[in-house]
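Reminder, nothing fancy here: chain letters follow the sequence lines and each chain counts from 1. Everything numeric in this text was worked out from a predicted model, so none of it was measured. Scope of the values below: all heavy atoms of this structure, side chains included, with no hydrogens, waters or symmetry mates.
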2 protein chains.
Amino acid sequence: MSVTIGEAARASGVSAKMIRYYEETGLLGAAERTASGYRVYGEADLHALRFVRRARDLGFSMAEIADLLALWRDRERASAAVKGLALAHVGDLRRRIRELEAMARTLETLAERCCGDGRPDCPILDDLAGEG
Amino acid sequence: MSVTIGEAARASGVSAKMIRYYEETGLLGAAERTASGYRVYGEADLHALRFVRRARDLGFSMAEIADLLALWRDRERASAAVKGLALAHVGDLRRRIRELEAMARTLETLAERCCGDGRPDCPILDDLAGEG
DNA sequence: ACTTGACCTTCCCATCATGGGAAGCCCCAT
DNA sequence: ATGGGGCTTCCCATGATGGGAAGGTCAAGT
């Protein structure tokens, strides 16, 4: 029923290092300990670890995950709060995507105009140098 | 002709902090100094600073910029090398975009199914909790 | 000449999430 | 009892950036 940190890491996909870090920063409560000081994790703990892992996979920051965990644990929550958090994060993601897209398009355009052979002439460098 | 670090920062769009950092890490050579120790920048230095700034705006890492600077300074360079660097970076950008896109789409799908009212039921939390 | 304020210097610290590694203790199987 | 693997804490590093303190410098105004 109860496992040590290594097994918890394997079962949740969160590294032991990160489990300790989440505990240290208060994202997760302090784990119980054996007499000799080993951390011990039960089913509920593993569930929370998987929750955190999944949220990280979706790009949420630790601060956002703290909020999501609180909502998850609150049976009285309004789903509107969760949806608000999620959509705010989507806005964040979309903004970052737009920025990266703009960079990629600019570079693709420049690369198209660069013949890419043995000669030194290069519109990419010209652009970076502010000539062009 | 020669300016101090504050003016170089204003003229290049690179903060004084970052100019010192670039020098410390060897991305840029050590600036000349006045008798009293102030850094001094000439036209060529400002040009290089703007180059770095533009490359950062396009998402290149400092290591990549070091390579680009070397190519820029090498009159014997093959444009193929520059193009290769640029396209590798585009590949990087495209991969990151795909990752963010996947996250955004997943969250949008979940958010659509969340009615977002005062009730606690929430498919977003259900997904994070691994139920669903 | 002196003060004032803006500028420069170095040095240290923080971010955010993560990994590496050392020194030392613990537990189990041989 | 010994060996190996797992656990503990502690410190350090990443990448690119900003904040801020303590102290030196310079130019303009009194």
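- With contacts defined as side-chain heavy-atom distances shorter than 4.5 Å, the pair I124(A)/L85(B) does not qualify.
- The salt bridge (Lys or Arg N to Asp or Glu O under 4.0 Å) with R39(A) is formed by just one residue from the set E7(A), E23(A), E32(A); it is E23(A).
- Looking at heavy-atom distances under 4.0 Å, T34(A) makes no contact with the nucleic acid at all.
- Between the OH atom of Y21(B) and the C1' atom of dT15(C) there is a distance of 13 Å, given to the nearest Å.
- Residues E101(A) and R94(B) are paired through a salt bridge, judged by an N-O separation under 4.0 Å between the basic side chain and the carboxylate.
- Looking only at distances, no side-chain donor or acceptor of D67(B) sits under 3.5 Å from a matching main-chain atom of E64(B).
- One finds no salt bridge joining E108(A) and R113(A) here, because no Lys/Arg side-chain nitrogen approaches an Asp/Glu carboxylate oxygen to under 4.0 Å.
- Interatomic distance, CE of M18(A) versus CG of L49(A), reported as 11.0 Å (0.5 Å rounding).
- In terms of position on DNA chain D, the residue among M62(B) and A35(B) whose nearest nucleotide sits closer to the 5' end is M62(B).
- No salt bridge links R54(A) with D57(A); every basic N to acidic carboxylate O contact stays at or beyond 4.0 Å.
- Residue order along DNA chain C, read from the 5' end via each residue's closest nucleotide, puts A63(A) first among A63(A) and K17(A).
- Summarising the geometry, the separation between CD1 on I19(A) and P on dA17(C) is reported as 17 Å, rounded to the nearest angstrom.
- We find that CD of E24(A) is positioned 15 Å from P of dG19(C), with the value rounded to whole Å.
- Within 4.0 Å of S61(B), counting heavy atoms only, lie sugar-phosphate atoms of the nucleic acid but no base atom.
- Put simply, CZ on R33(A) is 14 Å from P on dC27(C), counting in whole angstrom units.
- No more than 12 heavy atoms of other residues, nucleotides or ligands sit less than 6.0 Å from atom CZ of R119(A).
- Taking the six-membered ring where tryptophan is involved, the planes of W72(A) and H47(A) are perpendicular, since the angle between them exceeds 60° and thus also 30°.
- The interatomic distance linking M18(B) (CE) with dT15(C) (C1') rounds to 14 Å, in whole Å.
- Using a 4.0 Å cutoff to heavy atoms of chain A, the contacted part of DNA chain D runs 5' to 3' from dG6(D) to dC10(D).
- Within 4.0 Å (heavy atoms only), F60(B) reaches no atom of the nucleic acid at all.
- Comparing the end axes of the helix from dA1(C)-dT30(D) to dT30(C)-dA1(D), each fitted to five base pairs by superposing C1' atoms of four pairs onto the next four, gives an inter-axis angle of 30° (nearest 10 degrees).
- Near-neighbour residues of DNA chain C inside residues 36-59 of chain B, defined by a heavy atom below 4.0 Å, number-ordered: G37(B), Y38(B), R39(B).
- Within 6.0 Å of atom CD in E131(A), more than 12 heavy atoms from other residues, nucleotides or ligands are found, so the atom counts as buried in its surroundings.
- In this structure, I65(B) and Y22(B) have side chains that are not in contact, with every pair of non-hydrogen atoms separated by 4.5 Å or more.
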